[in-house]
Amino acid sequence: MEGARFARVTLNRPDLRFPFAENFASRIQGAHLTRLSRRAKFLRADLSSGETLYMHLGMSGRFIIEGGSTKENGGLANFAHEHAANPKHHHVVFEMEHPDTGRAVITYNDPRRFGFMELIGESEPYRLDHIGPEPLGNAFNGPVLRAALKGKKSKIKAALLDQRVVAGLGNIYVCEALYRTGISPRRAAGRLKVAETDGLAGHIKDVLSEAIEAGGSSLRDFSNTDGKLGYFQHSFDVYGREGEPCKSCDAPIKRIVQSGRSSFFCGGCQR
DNA sequence: CCTTCTACCTGTCAGC
DNA sequence: TGCTGACAGGTAGAAG
């Protein structure tokens, strides 16, 4: 999409998780996408109009890409989708025009509509302004995590889901990282030892890296842009494994509810 | 400010 | 077989 022009933007409904901004389509139409990047779980598209388009996939959002073929990408125009998207959930259509790769149609499909798109002006504040460091970057490590958790009375499970502590961690990967570090999700966040915050930071990086390498985690109807399913879900040690024996100590994996979310953990290994 | 709780939505699946 | 209800997730905003 970088370098391409939004030839046409079509909205098939007035809202996703939130209502679309006023004149959403016409404000994007005609602009060029100058840079596409990511922060936390948000996709960020800088537009030549000066505005920034933020896109979040929520739970079940996906982009379907048609066209945009080049010799370099082997003419990847249309994929054999492993998991076809139901057209009734095609909510936004971007018709793109690129000087090198030609026309492409990017369709946003989202059955549960937990995703959203927002248009933000150049110097307008945005909700990402105060979130924590990217977990895979150099700005995130044991000491940084320790400082962010200092004095926190909330449980470590809730703290790691708090995007101000570290960006982009969700329920699954928090469960897995805590298991690998041997820390109970019920521990007070501010009371972890230095070795524990160091270990936790490292395991967070490991879990995320491995999950990305595996193409992500697919639960039920989830898939990525080329319709392929990720397969990291087969590597979960604790998530979704209530009652199964811990692979390390054989104790049954437990499930409790914290902040309205399931926490899976081993009562034997995680203290 | 900090922390906790609930709403939002629909496909899937367990249980009747 | 067909139906009902619980459940899953990320984020915002209300409530405490």
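Every heavy atom of this structure was used, including side-chain atoms; hydrogens, water molecules and symmetry mates were not. Just so it is clear: chains get the letters A, B, ... in the order the sequence lines come, proteins before strands, and each one is counted from 1.
- Through chains of ILVMFWY side-chain contacts below 4.5 Å, A/F18 is grouped with A/F42, A/Y54, A/F116, A/I120, A/Y126, A/L128, A/I131.
- Summarising the geometry, the separation between OH on A/Y108 and P on B/dC9 is reported as 14 Å, rounded to the nearest angstrom.
- For the side-chain contact (heavy atoms from CB on, under 4.5 Å) test, residues two or more places apart in sequence or in another chain that qualify with A/A211 are A/Y173, A/F232.
- Note on ring orientation: taking the six-membered ring where Trp is involved, the planes of A/H91 and A/H89 are perpendicular (angle over 60°, cut-offs 30° and 60°).
- Other residues sharing a hydrophobic cluster with A/F265 under the 4.5 Å side-chain heavy-atom criterion for ILVMFWY residues are A/I256.
- In this structure the side chain of A/F94 never reaches within 4.5 angstrom of the side chain of A/T107, judged on heavy atoms.
- The 12-atom threshold is not exceeded at CG of A/N138, counting heavy atoms of other residues, nucleotides or ligands nearer than 6.0 Å.
- Residue pairs meeting the salt bridge (charged side-chain N to carboxylate O under 4.0 Å, His left out) criterion with at least one member in residues 11-27 of chain A, sequence neighbours excluded, are A/R13-A/D15, A/R27-A/E51.
- Note on residues 189-206 of chain A: pairs passing salt bridge (charged side-chain N to carboxylate O under 4.0 Å, His left out), not counting sequence neighbours, are A/R187-A/E196.
- With A/E97 contributing its side chain and A/R5 its backbone, the two residues share no donor-acceptor pair below 3.5 Å.
- The closest side-chain donor-acceptor pair between A/S262 and A/R255 falls under 3.5 angstrom.
- Here B/dT12 presents its C1' atom at 12 Å from CE of A/M59, a figure rounded to the nearest Å.
- Candidate nucleotides B/dT10, C/dA8, B/dT4 were compared by shortest atom distance to the side chain of A/H89, and B/dT10 ranks first.
- Put simply, CG on A/D162 is 13 Å from C1' on C/dG10, counting in whole angstrom units.
- Put simply, A/R255 has a side-chain N or O that comes within less than 4.0 Å of OP1 or OP2 on C/dA8.
- Within residues 128-136 of chain A, no residue has any heavy atom under 4.0 Å from DNA chain B.
- A salt bridge links A/R103 with A/E95: at least one charged nitrogen is closer than 4.0 Å to a carboxylate oxygen.
- What separates CZ of A/R164 from P of C/dT11 is a distance of 13 Å, to the nearest Å.
- We find that OH of A/Y173 is positioned 12 Å from P of C/dG9, with the value rounded to whole Å.
- In the helix from B/dC2-C/dG16 to B/dC16-C/dG2, the end axes, each obtained as the rotation axis mapping the C1' atoms of four pairs onto the next four within a five-pair block, lie 50° apart to the nearest 10 degrees.
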Close N or O pairs between protein and nucleotides 12-16 of chain C (under 3.5 Å):
unit_1	atom_1	unit_2	atom_2	d
C/dA12	OP1	A/R127	NE	2.5
C/dA12	OP1	A/R127	NH1	2.4

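- Nearer the 5' end of DNA chain B, as judged by each residue's closest nucleotide, is the contact made by A/G260, out of A/G260 and A/K88.
- Not a single salt bridge (charged side-chain N to carboxylate O under 4.0 Å, His left out) links A/R261 to another residue, sequence neighbours left out.
- Counting to the nearest Å, the P atom of C/dA8 and the CZ atom of A/F114 are 13 Å from each other.
- Contact of A/R261 with C/dG10 (side chain to base): a donor-acceptor pair of N or O atoms is detected under 3.5 Å.
- Residues from residues 143-155 of chain A lying near DNA chain B, meaning a heavy-atom separation below 4.0 Å, are A/K152, A/K153, A/S154 in numerical order.
- Contact annotation: A/R113 side-chain N/O to B/dT10 OP1/OP2 distance is under 4.0 Å.
- Taking Ile, Leu, Val, Met, Phe, Trp and Tyr as members and joining any whose side-chain heavy atoms lie under 4.5 Å apart, directly or through other members, A/V194 forms no hydrophobic cluster with any other residue.
- You'll find that the side chain of A/Q163 is closest to C/dT11, out of B/dT10, C/dA8, C/dT11.
- Distances shown here put every side-chain N or O of A/S60 at or beyond 4.0 Å from the OP1 or OP2 atom of B/dT10.
- Under the salt bridge (charged side-chain N to carboxylate O under 4.0 Å, His left out) criterion, A/R113 pairs with no residue, sequence neighbours left out.
- Between A/D46 and A/R44 a salt bridge is recorded (basic side-chain N to carboxylate O distance below 4.0 Å).
- Distances were taken from every side-chain heavy atom of A/K41 (C-beta onward) to each of C/dG9, C/dT11, B/dG11; the shortest belongs to C/dT11.
- For the pair A/Y54 OH and C/dT11 P, the computed distance is 14 Å after rounding to whole Å.
- Atom CG in A/L16 sits roughly 18 Å away from atom P in C/dG10 (whole-Å rounding).
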